[in-house]
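Here's the structure we're looking at; comments come further down.
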Amino acid sequence: MTNKIYIIHENDEWVEPLRNELKNINAPFEEWHLGKRNVDHLDQPPQGIFYNRMSASSHTRGHRYAPEHTAVVLNWLEKYKRRVINNSRALALEISKSLQYKELESFGIKTPKTIYCSNKESILKSANIFRKPFITKHNRGGKGLGVKLFDNKKELDSHVSGKDFEPSIDGITLLQEYIDARPKVIIRAEFVNSKFLYAVEVDASEGFELCPACPEDQIDVPETQFFGDYCPTIGNKFRIIKNYKKNKLIENYEKFIKKNGIEIAGIEYITDQNGIVYTYDINTNTNYNSQAENDSEIKGMKSIAKFLKEELLLLNNIRIVA
Ligand SMILES: Nc1ncnc2c1ncn2[C@@H]1O[C@H](COP(=O)(O)OP(=O)(O)O)[C@@H](O)[C@H]1O
Ligand SMILES: [Mg+2]
């Protein structure tokens with residue numbers, strides 16, 4: 001097999017589980033770390049399968065322009081009609097909650113009430129509309145960036161005018177209604193090959209979760225922060241829901257991701273005390289929690305590796321015998 005699978009990313013550590021799974025099934029691959037290397041576009045791209053794993057939070061690992069660079073690379077690949085998994089449209093969604101919510105709503109999927117603010121003044125002014133607790137978060141987020149809970153405008157005022165306030169890397173801060181789930185859990189539905197894989201319940205009682213897979217040595221845990229950076233791999237915060245019944249919401253997610261060039265994703269939702277479901281985050285750079293997967297026959301990275309290899313075989317016109 002001469003053609004390869006190309007993995008577009010900016011974090012070596014997150015690729016490790018995928019490397020292992022691809023090696024296990026003898027699938028040839030090459031990595032394009034777009035935080036480190038430049039891809040010049042003088043020639044045509046190589047033949048192969050291109051899997052985009054660019055992350056919205058890449059600036060927190062020193063790769064400020066990796067998403068922009070990825071956008072340019074994906075334009076080039078798509079110009080030459082290469083097979084791209086999680087294409088330029090998927091990337092656009094990865095880096096903008098505003099675009100995520102607009103698209104979700106167009107599929108009749110409910111999202112929390114959100115205001116988009118481009119400066120401190122508008123953050124302070126906009127908070128007046130919330131009669132109940134609300135949160136801030138970054139438009140270009142990932143790992144819970146900028147997520148903080150406020151009971152009232154006064155609390156927000158002192159945070160925004162204080163030294164700890166950090167705007168989103170794209171300048172857009174969200175103010176969003178806080179969904180008070182009881183118990184405090186969120187659900188993350190995983191998709192591979194645009195199809196539902198499994199749903200994970202995440203205990204959010206101690207804060208807003210980070211990457212579901214980050215190794216413990218990367219943990220950065222401010223102790224007193226109710227919401228913000230903490231790592232879910234501490235303790236047993238993740239649980240794959242056995243016998244999760246595929247429902248209308250999941251069917252809608254499948255339609256939504258297909259329409260938006262997303263084939264691999266984790267979508268997060270939360271349910272309020274009246275049973276109303278709000279979808280609030282789409283991750284096209286999905287990682288899996290190995291602790292939770294211990295008890296599951298279905299494994300995320302293994303499923304991705306199998307999918308990528310099948311796509312490569314298709315490209316090479318090799319018939320897959322089941
Ligand atoms: N509107 C909300 N109400 C209650 N909790 C929320 C809300 N939005 C986010 N959270 C919590 O904060 C975490 C991080 O928010 P999220 O939108 O997923 O940002 P990121 O893209 O940084 O992961 C969520 O997993 C969830 O636990
Ligand atoms: Mg999230």
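When a ligand or atom number is given, it counts from 1 through the structure's own listing order. Sequence positions, counted from 1, serve as the residue numbers for this chain.
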Taking distance alone, with no angle check, do [X] and ligand 1 share an N/O pair under 3.5 Å?
X	result
Y178	no
I186	no
I135	no

Contact partition for [X] relative to ligand 1, non-hydrogen atoms under 4.0 Å:
X	answer
L145	backbone
K137	side chain
E268	side chain

Q. Hey, do the aromatic rings of F196 and Y244 have their centres closer than 6.0 Å?
A.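 So the answer is yes for these two rings.
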
Between [Y] and [X], is the closest basic N to carboxylate O distance under 4.0 Å?
X	Y	answer
K306	E310	yes
R19	E31	yes
E293	K302	no

Q) Hey, which N, O or S atom on E268 ends up closest to the Mg ion (ligand 2)? A)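 Answer by atom name: OE1.
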
**Q.** Identity of the N, O or S atom of D281 lying closest to the Mg ion (ligand 2)
**A.**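 The atom in question is OD2.
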
Sequence neighbours excluded and cut-off under 3.5 Å, please list the side-chain donor-acceptor pairs for residues 109-118, or say none.
from	atom 1	to	atom 2	distance (Å)
T111	OG1	E105	OE2	2.5
T114	OG1	P112	O	2.7
T114	OG1	Q176	NE2	3.0

Atom indices of ligand 1 within 4.0 angstrom of [X] heavy atoms, with elements:
X	answer
K97	17 (O), 19 (O), 20 (P), 21 (O)
Q176	1 (N), 2 (C), 7 (C), 8 (N)
G144	20 (P), 22 (O), 23 (O)
I270	4 (C), 5 (N)
G142	20 (P), 21 (O), 22 (O)
K143	22 (O), 23 (O)

Q. Does R188 come within less than 4.0 Å of ligand 1, judged by its heavy atoms?
A.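 No, R188 has no heavy atom closer than 4.0 Å to ligand 1.
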
Q.
For E177, state whether at least one heavy atom is located under 4.0 Å from any atom of ligand 1.
A.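 True for this residue.
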
Q | Neighbour count >12 (heavy atoms, 6.0 Å) for atom NZ, K79 | A |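 Counting neighbours around NZ of K79, 12 or fewer heavy atoms of other residues, nucleotides or ligands fall under 6.0 Å, so no.
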
Q.
Parallel, tilted or perpendicular: which one describes the rings of F150 and H159, with boundaries at 30° and 60°?
A.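 Ring orientation of F150 relative to H159: tilted.
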
(Q) Below 30° counts as parallel, above 60° as perpendicular, anything between as tilted: where do the rings of F130 and F134 land? (A)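 Correct class here is parallel.
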
Q.
Is there a path of hydrophobic side-chain contacts, each under 4.5 Å between heavy atoms, that joins Y280 and L99?
A.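 In one cluster: yes.
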
Q: Starting from the C-alpha separation in whole Å, work towards a yes-or-no answer on side chain to side chain contact (heavy atoms under 4.5 Å, CB included) for V39 and Y6.
A: CA-CA 12 Å; V39 178; Y6 292 85; over 6 Å; no

Q: Go through the steps for E263 and R83 under the test salt bridge (Lys or Arg N to Asp or Glu O under 4.0 Å), then give the verdict.
A: CA-CA 12 Å; E263 294 168 72; R83 174 76 175 98; 2.5 Å; yes

Q | Option whose closest heavy atom lies nearest to atom 3 (N) of ligand 1, chosen from D272, L149, I179 | A |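 Minimum heavy-atom distance to atom 3 (N) of ligand 1 goes to I179.
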
